[in-house]
A.B. asks: 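Right, I'll just put the structure down here and ask away after.
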Amino acid sequence: MSKAITSRATDYSQWYNDLVLRGELADYSAVRGCMVIKPYGYALWENMRDALDKMFKDTGHVNAYFPLFVPKSLFEAEEKNAEGFAKECAIVTHYRLKADPDRKGKLMVDPEAKLEEELVVRPTSEAIIWSTYKGWIQSYRDLPILVNQWANVVRWEMRTRLFLRTAEFLWQEGHTAHATRDEAIEETVKMLHVYADFVENWMAVPVIKGVKTANERFAGAEDTYCIEALMQDGKALQAGTSHFLGQNFAKAFDVKFSDKENKLDYVWATSWGVSTRLIGALVMAHSDDQGLVLPPRIAPNQVVIVPIYKGDEQKAQIDERVALLMNEMKAAGIRVKYDNSDQARPGWKFAEYEMKGVPVRLAIGARDLENNVVEVARRDEQTKSTVSLDGIVGHIQSLLSEIQQHLFDKAKRFQQTHITRADSWAEFEQLLEEKGGFISAHWDGTSETEEAIKEKTKATIRCIPLENDQEEGVCILSGKPSIQRVLFARAY
RNA sequence: CGGGACGUAGCGCAGCCCGGUAGCGCACUUGCAUGGGGUGCAAGGGGUCGCUAGUUCGAAUCUAGUCGUCCCGACCA
């Protein structure tokens, strides 16, 4: 294994792959398009999941679990949703294998075991969930239903990339049911803010909140709200979506309720999700050419302690002192790892934990013990300092917050300096080629123009920002009148 | 699905053009030394060269086919 990873400047895609593989977040698997999430990557996901889960529960949601399989007849009920996902569905057609008479010891699909009705492996769960909600909802008293599920879904993508786009991925999907349109919209927006809060304050990745245009809208939604993040190569990444589904699914699955006046109406719906893709966003937002850089709030290990010793006697002394320190740090809620394995030497460990993005590294040797100090190294800035062991826990705590803030500020600066206004087509094209990032420009509001711009430049409208300034102008492509600027970018 | 690249030891690669007893680095095992930024020395173990056919006295190498993976694009979270 070579020591260095590919630099961002050399090959951004390769850099990203190197980070994921060498940082031991994930690995390629025996299944095309599917990845193995390794323990370190899964620990990261668990931290993200736990934080989000708490936020969902704090906003009144509960978890449930629905089946992986969706009968085809249910899947096709909401036509736009079905059509949108049809070309990337895995289908179960049989339920049994049998010995292959032509190939000794091998198996074949038993043609006798064909299913009456094919099962679609869920690419998303609106269909199975709304067919279930039909049985749960009769009255306004049954509403709202605020359910989330943590699950895996399958989308048979033609081209996959670790975390960013895999055939199977882990996510959460919230599916709520409401008595009124306004309440459903309020829920949709509320969850968008929850996502933004999480991504910015836990992952330290700044996002832009907005609404998708009709072209980019979720299949079956009336409105799709999104948070968009910017990666270091200037491409945008959709980090989360929240959909106002109107009454589309209620109508498709005949889910009606009686209101206070005993009038029947269809239920209003939302759905919202974020996935393991967020890990891809995290990697691309903060990491550098030395490896991963993880924000303290979700890093599996916030601190790693590396002992430096000669001989067993010194090691024992350091072990003893570090044991005390570990207890203090754990009591203070710090996720800390002590790597006193004799398998690798300090220099190797330093490089390893840098690769894995551990925010703070402490090195402690016999000399330090004598002086009652420890060497503190921070991953984000690659700086080191010597700090007294007295009050070290408080120091580490504030250092972790400082790093968290620093990562966010740095990413925020990058985002702010990469939102550029374009007022002519030439300027627009030039910005896309030379600078990247979000381009704020006027658009005439038509799908045709959006499509044409995508065709010409591969840039799409990432979103119409919430609380967007209304400003008269002319569309950069068509020259027709426009009432506001929207954000364009090339995207993952 | 189109374009490109690649399948040789656990990982990364050379060898292939010009056929002749499979090699390098890392990792692994053992020992000694070493230990404040990917340790040094020494001795070892491990591969029917993706698969199938063909050409040949002889194939990692040539031919045909096949399977798979990655990268770029179209599609998408």
Side-chain angles (χ1 to χ4, degrees), chain A residues 1-6 11-18 20-22 24 27-35 84-89 123-124 153-173 195 212 215-219 224 226-229 236-243 271-281 290-291 306-312 314-315 318 340-355 361-369 371 373-375 377 382 384 386 454-455 458 460 462 490-492:
Chain A
M1 197 186 282
S2 66
K3 284 180 190 172
I5 56 176
T6 308
D11 183 341
Y12 194 84
S13 289
Q14 193 56 50
W15 167 77
Y16 174 79
N17 285 336
D18 283 355
V20 172
L21 297 170
R22 298 280 303 282
E24 297 192 303
D27 214 343
Y28 294 110
S29 75
V31 191
R32 178 210 287 266
C34 294
M35 65 177 174
F85 284 103
K87 57 192 179 303
E88 52 192 49
C89 286
T124 180
V153 286
V154 170
R155 297 182 187 176
W156 216 261
E157 300 289 351
M158 292 191 234
R159 190 179 154 228
T160 57
R161 297 194 65 186
L162 295 166
F163 287 114
L164 296 173
R165 186 170 301 107
T166 46
E168 180 194 11
F169 56 93
L170 304 184
W171 76 346
Q172 59 68 218
E173 44 182 328
Y195 286 155
K212 288 292 188 191
N215 280 12
E216 301 280 324
R217 195 176 289 154
F218 176 75
T224 288
C226 63
I227 50 173
E228 293 284 328
L237 183 108
Q238 182 174 303
T241 48
S242 186
H243 314 292
S271 69
W272 28 273
V274 296
S275 71
T276 37
R277 181 181 228 206
L278 282 178
I279 294 177
Q290 274 65 54
V306 177
I308 294 157
Y309 55 87
K310 295 182 190 178
D312 290 342
Q314 280 192 2
K315 179 166 184 280
I318 297 169
N340 67 343
S341 106
D342 206 24
Q343 305 298 313
R345 307 198 348 166
W348 193 92
K349 291 177 185 172
F350 292 172
E352 178 67 11
Y353 292 112
E354 269 160 29
M355 178 68 75
R361 182 187 70 233
L362 304 184
I364 184 161
R367 235 161 43 210
D368 300 312
L369 277 189
N371 298 327
V373 296
V374 63
E375 182 190 80
Q382 306 246 59
K384 291 193 268 200
T386 302
K454 185 179 178 184
E455 192 79 15
K458 298 191 181 83
T460 48
R462 300 320 302 159
R490 288 186 179 143
Y492 279 96

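Throughout, protein chains are lettered first and strands after them, A, B, ... in sequence-line order, and every chain is numbered starting at 1.
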A.B. asks: Pairing check on C6(B): which nucleotide meets the Watson-Crick or G-U wobble criteria with it, both distances under 3.5 Å?
C.D. replies: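 Base partner found: G68(B).
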A.B. asks: Has T224(A) got a side-chain atom pairing as donor or acceptor with K212(A)'s backbone, closer than 3.5 angstrom?
C.D. replies: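 No; judged by distance alone, with no hydrogens or angles, the pair does not exist.
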A.B. asks: Could you check which of A77(B), G37(B), G36(B) has an atom nearest any side-chain atom of R277(A)?
C.D. replies: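 That would be A77(B).
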A.B. asks: Which part of the nucleic acid, if any, lies within reach of E352(A) when heavy atoms closer than 4.0 Å are counted: base, sugar-phosphate only, or nothing?
C.D. replies: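 Answer is base: heavy atoms of E352(A) come under 4.0 Å of a base.
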A.B. asks: At 4.0 Å (heavy atoms only), tell me whether K349(A) reaches a base, stays on the sugar-phosphate, or touches nothing.
C.D. replies: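 It contacts nothing in the nucleic acid.
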A.B. asks: For the residue pair T160(A) and Y28(A), establish whether any side-chain heavy-atom pair is separated by less than 4.5 Å.
C.D. replies: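 SC-SC contact between T160(A) and Y28(A) ruled out.
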A.B. asks: How far does CD1 of I308(A) sit from CG of N340(A), to the nearest 0.5 angstrom?
C.D. replies: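 One finds 13.0 Å between CD1 of I308(A) and CG of N340(A).
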A.B. asks: Considering every strand and a 4.0 Å limit on heavy-atom distances, what is the contact class for Q238(A): base, sugar-phosphate, or nothing?
C.D. replies: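 It contacts sugar-phosphate atoms only.
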A.B. asks: For G15(B) versus G47(B), give the span between their C1' atoms, rounded off to a whole number of Å.
C.D. replies: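 Pairwise C1' distance, G15(B) against G47(B), rounds to 14 Å.
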A.B. asks: Could you check whether any side-chain N or O of K315(A) sits under 3.5 Å from a backbone N or O of K310(A), counting only pairs where one atom can act as donor and the other as acceptor?
C.D. replies: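 The answer is no, because no donor-acceptor pair under 3.5 Å joins these two groups.
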A.B. asks: Which comes earlier along RNA chain B counting from the 5' end, the contact point of F85(A) or that of P346(A), where each point is its nearest nucleotide?
C.D. replies: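 Final value for this comparison: P346(A).
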A.B. asks: Could you give the CD-to-C1' distance, from Q343(A) to U39(B), as a whole number of Å?
C.D. replies: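 About 14 Å, once rounded to whole Å.
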A.B. asks: Please give the distance between the C1' atoms of A59(B) and C11(B) as a whole number of Å.
C.D. replies: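 To the nearest whole Å, 27 Å.
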A.B. asks: In chain order, what residues pass the side chain to side chain contact (heavy atoms under 4.5 Å, CB included) check against S13(A), with sequence neighbours excluded?
C.D. replies: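 Partners of S13(A) under the side chain to side chain contact (heavy atoms under 4.5 Å, CB included) test: D11(A), R161(A).
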A.B. asks: Counting only side-chain heavy atoms from C-beta out, which of A74(B), G35(B), G38(B) sits nearest to M158(A)?
C.D. replies: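 Per side-chain heavy atoms of M158(A), the pick is A74(B).
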A.B. asks: For nucleotides G58(B) and U48(B), find the distance between their C1' atoms and express it as a whole number of Å.
C.D. replies: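 To the nearest whole Å, 16 Å.
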A.B. asks: Measure from the side-chain heavy atoms of K384(A) and tell me the nearest of G38(B), C71(B), G37(B).
C.D. replies: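 When the side chain of K384(A) is considered, G37(B) is the closest of G38(B), C71(B), G37(B).
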A.B. asks: Could you state the CD-P distance from Q290(A) to G38(B), rounded to the nearest angstrom?
C.D. replies: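 Taking atom P of G38(B) as the reference, CD of Q290(A) is at 14 Å.
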A.B. asks: Give the rounded distance in Å between these two atoms: CG of L21(A) and P of U69(B).
C.D. replies: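 It is 16 Å, rounded to the nearest whole Å.
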A.B. asks: Taking only side-chain nitrogens and oxygens of N17(A), does any of them come within less than 4.0 Å of OP1 or OP2 of C71(B)?
C.D. replies: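 So the side chain of N17(A) is within the cut-off, an N or O lying under 4.0 Å from OP1 or OP2 of C71(B).
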A.B. asks: Under a 3.5 Å cut-off for both distances, is U63(B) Watson-Crick or wobble paired, and to whom?
C.D. replies: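 By the stated definition (distances under 3.5 Å), A53(B) pairs with U63(B).
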A.B. asks: Is K315(A) touching bases, backbone alone, or none of the nucleic acid, heavy atoms closer than 4.0 Å?
C.D. replies: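 Nothing, no nucleic acid heavy atom in range.
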A.B. asks: Hey, is the side chain of E354(A) pairing donor to acceptor with the base of G37(B) inside 3.5 Å?
C.D. replies: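 Present.
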A.B. asks: Could you tell me the separation between the CD atom of E216(A) and the C1' atom of A77(B), rounded to a whole number of Å?
C.D. replies: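 Roughly 11 Å, once rounded to whole Å.
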A.B. asks: Distances under 3.5 Å between protein N/O atoms and the N/O atoms of nucleotides 31-34 of chain B, please, pair by pair.
C.D. replies:
from: U34(B); atom 1: O2; to: R345(A); atom 2: NH1; distance (Å): 3.0

A.B. asks: Could you work out the separation of C51(B) and A14(B) based on their C1' atoms and round it to a whole Å?
C.D. replies: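 These two C1' atoms come out 23 Å apart once rounded.
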A.B. asks: Strictly distance-based, threshold 3.5 Å: is any side-chain N or O of R155(A) a donor or acceptor partner for the main-chain N or O of P123(A)?
C.D. replies: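 Such a contact is found between R155(A) side chain and P123(A) backbone.
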A.B. asks: Decide yes or no for R361(A) and K384(A): does some side-chain heavy atom of the first lie under 4.5 Å from some side-chain heavy atom of the second?
C.D. replies: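 SC-SC contact between R361(A) and K384(A) confirmed.
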A.B. asks: At 4.0 Å (heavy atoms only), tell me whether T166(A) reaches a base, stays on the sugar-phosphate, or touches nothing.
C.D. replies: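 It contacts base atoms.
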A.B. asks: For the residue pair Y195(A) and W272(A), categorise the inter-ring angle as parallel (less than 30°), tilted (30 to 60°) or perpendicular (more than 60°).
C.D. replies: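 Perpendicular.
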A.B. asks: If you measure from the C1' atom in G23(B) to the same atom in A33(B), how many Å do you get, rounded?
C.D. replies: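 G23(B) and A33(B) have their C1' atoms separated by 30 Å.
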A.B. asks: For C1(B), which nucleotide in any strand shown is its Watson-Crick or wobble partner with both distances under 3.5 Å?
C.D. replies: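 Pairing partner: G73(B).
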A.B. asks: Between A363(A) and E88(A), who's closer to the 5' end of RNA chain B by nearest nucleotide?
C.D. replies: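 Looking at the nearest nucleotide for each, A363(A) comes out on the 5' side.
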A.B. asks: Which one is paired to A22(B), where only Watson-Crick or G-U wobble pairs with both distances under 3.5 angstrom count?
C.D. replies: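 Paired with no nucleotide.
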A.B. asks: By the 4.0 Å heavy-atom rule, please label S275(A) as base, sugar-phosphate, or nothing.
C.D. replies: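 The residue S275(A) makes base contact.
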A.B. asks: Checking all strands, does L237(A) fall into the base, sugar-phosphate, or nothing category for heavy-atom contacts under 4.0 angstrom?
C.D. replies: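 If one applies the 4.0 Å heavy-atom cut-off, L237(A) turns out to touch nothing in the nucleic acid.
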A.B. asks: Nearest whole angstrom, please: distance from the P of U69(B) to the CE of M35(A).
C.D. replies: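 After rounding, the gap between these two atoms is 16 Å.
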A.B. asks: Tell me whether R277(A) forms a cation-pi arrangement with F169(A), defined as NZ or CZ under 6.0 Å from the six-membered ring centre and within 45 degrees of its axis.
C.D. replies: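 No - R277(A) does not lie over the ring of F169(A) by the 6.0 Å and 45° rule.
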A.B. asks: Quantified in whole Å, what is the P atom distance between nucleotide A5(B) and nucleotide A77(B)?
C.D. replies: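 These two P atoms come out 32 Å apart once rounded.
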A.B. asks: For D312(A) and G35(B), give me the distance from atom CG to atom P, rounded to whole Å.
C.D. replies: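 Atom CG in D312(A) sits about 14 Å away from atom P in G35(B).
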A.B. asks: Measuring from atom OG1 of T276(A) to atom CG of L162(A), what distance do you get when rounded to the nearest 0.5 angstrom?
C.D. replies: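 These two atoms lie 10.5 Å from each other.
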A.B. asks: So Y28(A), base contact, sugar-phosphate only, or nothing? Heavy-atom distance under 4.0 Å.
C.D. replies: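 Touches sugar-phosphate only.
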A.B. asks: To the nearest Å, how far apart are Y353(A) OH and G38(B) C1'?
C.D. replies: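 Rounded to whole Å, this separation is 13 Å.
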A.B. asks: To the side chain of K458(A), which of G36(B), A77(B), A74(B) is closest?
C.D. replies: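 The answer is A74(B), which lies nearest to the side chain.
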A.B. asks: Could you let me know what A14(B) is paired to, Watson-Crick or G-U wobble, both distances under 3.5 Å, or none if it's on its own?
C.D. replies: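 By the stated definition (distances under 3.5 Å), nothing pairs with A14(B).
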A.B. asks: Under a 3.5 Å cut-off for both distances, is G31(B) Watson-Crick or wobble paired, and to whom?
C.D. replies: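 For G31(B), the partner nucleotide comes out as C41(B), under the 3.5 Å rule.
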A.B. asks: Determine the Euclidean distance between corresponding P atoms of G7(B) and C16(B); express it in Å to zero decimal places.
C.D. replies: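 Looking at atom P only, C16(B) and G7(B) are 13 Å apart.
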A.B. asks: As a test of reading the structure: which of G37(B), G38(B), A77(B) is closest to the side chain of R361(A), going by heavy atoms?
C.D. replies: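 Per side-chain heavy atoms of R361(A), the pick is G37(B).
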A.B. asks: Under 4.0 Å, heavy atoms only, any strand: does Q14(A) hit a base, just the sugar-phosphate, or nothing?
C.D. replies: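 Result for Q14(A) = nothing.
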A.B. asks: Of the options C71(B), G37(B), G36(B), whose atoms approach the side-chain atoms of R367(A) most closely?
C.D. replies: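 It is G36(B).
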A.B. asks: Less than 4.5 Å apart, any side-chain heavy atom of D342(A) and any of Y309(A)?
C.D. replies: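 Touching, per the 4.5 Å side-chain cut-off.
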A.B. asks: Which whole number of Å gives the distance between the C1' atom of U30(B) and that of U69(B)?
C.D. replies: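 It works out to 37 Å between them.
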A.B. asks: Send over the distance from W348(A) CH2 to G35(B) C1', rounded to a whole Å.
C.D. replies: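 It works out to 15 Å between those atoms.
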